[in-house]
Amino acid sequence: MKFPNRHVLLVGSAFGLVAAVLLFSTVPSSGRGSSEPVLPTDLSGTESISHDDGDAAAANTRESSLEEVLQIATQARAAMARSLHSYTARFVKQEVDSSGVLGEQTEMQLKVQTRFRNGDETAGKRVYLRFLAPESVKGREVIWAEDLHDGKLLVHEAGLLGIAPIPPLDPNGFLAMRGQRYPISQIGIVRLVEKLIERGQEDLGNPDIDVTITHDFSLDEISADLIQVKRAKPSGKEGDFSLAEIVIDPERQLIVRYRSFGWPTTEGQPAPLQESYTYHEIQTNVKLTELDFDPKNPEYKYP
């Protein structure tokens, strides 16, 4: 009877890839990892920054402010609260873990029911993940719901590790959080915009921050807006960054990418990636039911 315990430990060691918040990367979307560093978006090919209304029509990139970014984010959050009940997406993430190591890029198929689906914000959030890449975790499945399964994390491993069932996990516990920045409760485009609002409010009035917005920025053939928030010097706060990039689909008012970069250790080096979250192929208000968050779903591989 030693095998099940050993199995759980192996799963716990591998199970560090289920959490997320917030979205956006330029490395190949295959999710198979890359030896090339992820660099900030290069806007050298865009037209010059607009400094006044007279240049606005001729420039793709213009100066902005945190006040405007907060207004955009607040409006996006309000639009979600009114009408975003559920969605599916291909989710790609890469992030530095708690020990400061940048992990491999990971790709997942995502299903979410939001807290807004009952016409208010009282419904339990529900998440299903199926890992697509890298190959070492391909086929892993994860279910978490606030209002189902006692709020526990239900994990099915791929390959031989998937033969035996895994006991439900505490989503905030050691095994679930191993190597992660955030628990699975933080995943999703709603929480992403909420964190953007929280961080923006903390920096209001900070003279060391510059903001630009680039219109007609292309992501997945979507004409989006790229917001770049740059710090002139470190803030000394948790989650500090030298540059944050937010990509928003203005038509649907959805934030589809978030990336943050830290501070170079040596002058002249590029800013290192801290976290990157991108939501591709978003389909909103799809017909998800409780079965989509049930391990007994015949389309899933739970034992």
Side-chain angles (χ1 to χ4, degrees), residues 1-21 30-33 86-95 97 103-115 117 123-188 191 277 279-281 283 286-303:
M1 297 301 292
K2 293 183 178 180
F3 177 74
N5 291 333
R6 181 171 178 268
H7 173 74
V8 171
L9 289 175
L10 286 171
V11 171
S13 298
F15 178 67
L17 302 170
V18 297
V21 253
S30 66
R32 272 119 179 119
S86 61
Y87 60 92
T88 61
R90 181 168 55 85
F91 176 54
V92 179
K93 79 160 191 170
Q94 189 173 19
E95 60 190 9
D97 64 20
E104 191 170 11
Q105 193 183 64
T106 307
E107 181 178 349
M108 295 159 267
Q109 194 63 39
L110 172 69
K111 298 180 183 180
V112 176
Q113 281 187 321
T114 73
R115 297 186 177 97
R117 65 184 181 275
K125 181 178 178 180
R126 298 171 178 175
V127 178
Y128 168 80
L129 298 173
R130 178 169 58 86
F131 285 67
L132 306 176
E135 196 65 31
S136 59
V137 295
K138 185 177 180 179
R140 175 186 291 163
E141 296 177 289
V142 177
I143 293 173
W144 174 77
E146 287 181 307
D147 58 339
L148 300 172
H149 320 301
D150 296 322
K152 299 294 186 180
L153 208 61
L154 306 183
V155 183
H156 166 244
E157 275 295 345
L160 293 177
L161 289 177
I163 296 175
I166 300 171
L169 300 175
D170 176 358
N172 299 303
F174 172 76
L175 293 182
M177 287 298 299
R178 186 181 178 92
Q180 293 307 300
R181 288 177 73 88
Y182 309 107
I184 194 172
S185 59
Q186 300 294 297
I187 199 170
R191 185 58 188 143
Y277 309 106
Y279 293 85
H280 302 276
E281 302 153 15
Q283 299 293 320
V286 292
K287 293 183 179 179
L288 300 179
T289 68
E290 197 165 301
L291 184 62
D292 289 285
F293 307 95
D294 188 336
K296 295 180 182 179
N297 188 320
E299 296 182 1
Y300 302 161
K301 303 299 183 182
Y302 281 80

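For the numbers below, each heavy atom of this structure counts, side chains included, while hydrogens, waters and symmetry mates do not.
Residue Glu104 holds its CD atom at 10.5 Å from CD of Glu135, rounded to the nearest 0.5 Å. The NZ atom of Lys301 lies 10.5 Å from the CG atom of Asn297; values are rounded to the nearest 0.5 Å. Interatomic distance, CE of Met108 versus CZ of Phe91, reported as 5.0 Å (0.5 Å rounding). In this structure, CG on Asn172 lies 7.0 Å from CE on Met177, to the nearest 0.5 angstrom. One distance of note links NZ of Lys93 with CD of Glu107; it measures 13.0 Å at 0.5 Å rounding.
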Next on the checklist: Between Gln109 and Tyr128, does the side chain to side chain contact (heavy atoms under 4.5 Å, CB included) criterion hold? Intermediate values first, please.
Outcome noted: CA-CA 8 Å; Gln109 194 63 39; Tyr128 168 80; 5.9 Å; no
Checklist entry - Going through the checks in order, is the side chain to side chain contact (heavy atoms under 4.5 Å, CB included) test met by Val142 and Ile184? => result CA-CA 10 Å; Val142 177; Ile184 194 172; 3.8 Å; yes
Checklist entry - Hey, mind stepping through Val92 and His280 against side chain to side chain contact (heavy atoms under 4.5 Å, CB included) and telling me if it holds? => result CA-CA 8 Å; Val92 179; His280 302 276; 3.7 Å; yes
Next on the checklist: Between Leu175 and Leu153, does the side chain to side chain contact (heavy atoms under 4.5 Å, CB included) criterion hold? Intermediate values first, please.
Outcome noted: CA-CA 11 Å; Leu175 293 182; Leu153 208 61; over 6 Å; no
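With contacts defined as side-chain heavy-atom distances shorter than 4.5 Å, the pair His156/Ile166 does not qualify. Taking 4.5 Å as the limit, every side-chain heavy atom of Pro183 sits out of range of all side-chain heavy atoms of Pro171. Between Leu154 and Phe293, the closest side-chain pair of non-hydrogen atoms is not below 4.5 Å. Taking the side chain as every heavy atom from C-beta outward, Trp144 and Leu129 never approach each other to under 4.5 Å. Ile143 is listed as a side-chain neighbour of His149, based on a closest heavy-atom distance under 4.5 Å. The closest side-chain heavy-atom distance from Tyr300 to Asp294 is not below 4.5 Å. Side-chain contact between Thr88 and Leu110 is absent, with no heavy atoms from C-beta onward closer than 4.5 Å.
In this structure, the side chain to side chain donor-acceptor pair (under 3.5 Å) partners of Glu281, at least two apart in sequence or on a different chain, are Arg90. Annotation: side chain to side chain contact (heavy atoms under 4.5 Å, CB included) contacts of Ala158 (sequence neighbours excluded): none. Here Arg115 pairs with Glu146 under the side chain to side chain donor-acceptor pair (under 3.5 Å) rule; sequence neighbours left out. For Lys111, the salt bridge (Lys or Arg N to Asp or Glu O under 4.0 Å) partners at least two apart in sequence or on another chain are Asp292. A search for salt bridge (Lys or Arg N to Asp or Glu O under 4.0 Å) contacts involving Asp147 returns Arg117, Arg126, not counting sequence neighbours. The salt bridge (Lys or Arg N to Asp or Glu O under 4.0 Å) check on Arg130 picks up nothing, with sequence neighbours excluded.
Counted by atom type alone, Tyr302 and Glu141 present zero donor-acceptor pairs between their side chains at under 3.5 Å.
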